[in-house]
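First comes the structure, then the notes that go with it.
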Amino acid sequence: MIPALEVAGLNVAYGVNWVLQDVDMSVEAGSLTAIVGPNGAGKSTLLKAVLGIVPKLSGVVSLAGQPFTGADPRVAYVPQRESVDWDFPVSVEEVALMGTYGHMRMWGRPSRADRDRAAAALKDVQLTPLRHRQIGQLSGGQQQRLFLARALAQNASLLMLDEPFSGVDAASQEAILGILEGFAQRGGTVLAVHHDIATVQRAFDHAILLNRTLVAQGPVSSALNRANLKAAYGDWFDPQEDA
Amino acid sequence: MADSLVLILALTMAGLACGWAGLPLILQKDSMVGDGISHAILPGIVLAFWVTQSREPLPMLVGALLAAGAMVLLMQLMTRVRIVPRDAALGATFTLLFAIGVIGLNQVARQVDLDPGCVIYGLAEMIPLDTVLLGGVYVPRAFFILCPAAVLAGLAVWFGRREIMLGLLDPAHAQLLGRNPRRLKLAILIGVSCVVVACFEAVGSILVVALLVGPGLAALSLTHRFEKALAGIAVASLLNAVLGVTLAQVTNTSVAGMVAVSAGVLVVASILVRQLLEKRNQALASSSR
């Protein structure tokens, strides 16, 4: 089976600081894959380098076996909540609608079908009653669900998320996980950066363990075994706390 | 009276052009870039005067765009060296270019009929007097520049609003959908440069700086929608002009200066109104519990 996403020989540096070294990874189509690692391991940088937001020193990225250029509406991205300007004068409905702009001509107008798709996506994440609100008037969990709605409206096959559970309560986390599972069940692939190993072990099926270089990848049970976690987290890893 | 009306009309048009073009700058947290551009274009304008020995608008626009381009390029060169933050690079770049412009202006002013003070502070008071006969009616010359500037800025921001919101809210998402967020930012910079050049001769570069940010901030304080902010900018521009011209006449001071003061007062007033409204909403919400 062709992987949903493949990365080979990825190297990234910020100035003189080497952030990612020779990372090879493969994301299985239809999987719920988590990128795990200690602080400063380069998890978010890995996503951003794949998307072309930060420049690569070297490395090849393939999407479903084809070279990935960084401009492909089959990939949806949910950024870290902290990186979004929540004062931006835009409504919940308008953000969901932005998912449909991929096939819209520049300067064009969304069609009736686009509006219906955005409305259906908002319904899927249970934000329909809040559709007229400005995005800053949502709670943390609702804001994450809104960006998920945008991704659903995009009809993407690969969903990349950067710390989707940061700053959300337990109920919201379960709601978000439910949406991600539904997306994977419909044939989509999820690739999420996440720092909590317990959640990954419970809710994801594959993991990529990273600490500036690839430590392990594969099904969660084998990739996140004690030896690999020790190798990635060093002496800081406390299995009582995290496992 | 008629002169006051002409002044109010002209300054409202300048407010519309600058306010609408400045809104995307505010949204991308680059308000100071507008300030930078309106200062940095000075050497370009002086260069155009010096080459053509006239105040024709087209060479001025080309010169100003070249200078704005030089500012952006210099900024990028500085920020590539990672120890220079973006705001510091902007501060260093536009002051350098502005200083070169002031020196050049003093040199050129000896050869061309050009008053350095008018370039910087503008001479709004002259707008009603500098007229052109058109179909038997004396029309202020400034209208021929300010009116198209306002209309074009309005059309660009209205029809480009979806692309502006898409590219500025989340550039990574826009890029995945095949857009080029860098090109959008460049287009915004070029648009702002054009508006600054169109307006500065009539109202001066200081007022242009105030109008790029003031009406937009006042509108954004009171609305959460892009479209409503565009309408709010129109209202704020009219209020700025009426208040500024009236105050200038009452106190017998500079019109451009008073309109800039009015723009600042309106921003503070709109923030206060918003806070009052929020407090009232909180009080209503807690009393209904």
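So you know, we letter chains A, B, ... as the sequences are listed, proteins then strands, and number each from 1. Side chains included, hydrogens not; waters and symmetry mates left out as well; all remaining heavy atoms used.
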Which bit of [X] comes within less than 4.5 Å of chain B, counting heavy atoms only: side chain, backbone, both or neither?
| X | answer |
| --- | --- |
| A:Val75 | both |
| A:Ile53 | side chain |
| A:Val95 | side chain |
| A:Ile135 | side chain |

Using a cut-off of under 4.5 Å for heavy-atom pairs, which of [options] has the most such pairs with chain B?
| options | result |
| --- | --- |
| A:Lys48, A:Arg150, A:Gln154 | A:Arg150 |
| A:Pro79, A:Gly70, A:Ala156 | A:Gly70 |
| A:Pro110, A:Gly52, A:Ala76, A:Ser83 | A:Pro110 |

Would you compute the distance between atom [atom1] of [X] and atom [atom2] of [Y] and round it to the nearest 0.5 angstrom?
| X | Y | atom1 | atom2 | value |
| --- | --- | --- | --- | --- |
| A:Glu94 | B:Leu169 | CD | CG | 10.0 Å |
| A:Met104 | B:Arg162 | CE | CZ | 6.0 Å |
| B:His224 | A:Ser91 | NE2 | OG | 11.5 Å |

Would you find more than 12 non-hydrogen atoms of other residues, nucleotides or ligands less than 6.0 Å from [X] atom [atom1]?
| X | atom1 | value |
| --- | --- | --- |
| A:Gln126 | CD | no |
| A:Asn39 | CG | no |
| B:Phe144 | CZ | yes |
| B:Arg86 | CZ | no |
| A:Ile2 | CD1 | no |

side-chain contact (heavy atoms from CB on, under 4.5 Å) with A:Phe88: of B:Leu168, B:Asp170, B:Leu220, only one passes, and it is B:Leu168

Can you pull out the residues in residues 172-190 of chain B with any heavy atom less than 4.5 Å from chain A?
B:Ala172, B:His173, B:Gln175, B:Leu176, B:Leu177, B:Gly178, B:Arg179

Listed by number, the residues in residues 16-36 of chain B that come under 4.5 Å of chain A (heavy atom to heavy atom) are B:Leu27, B:Lys29

Could you pull out all residues at least two apart from A:Arg117 that satisfy side-chain hydrogen bond (donor to acceptor under 3.5 Å, both in side chains)?
none

Pairs under 3.5 angstrom only: tabulate donor-acceptor contacts from the side chains of residues 70-77 of chain B to other protein residues two or more places apart or in another chain.
none

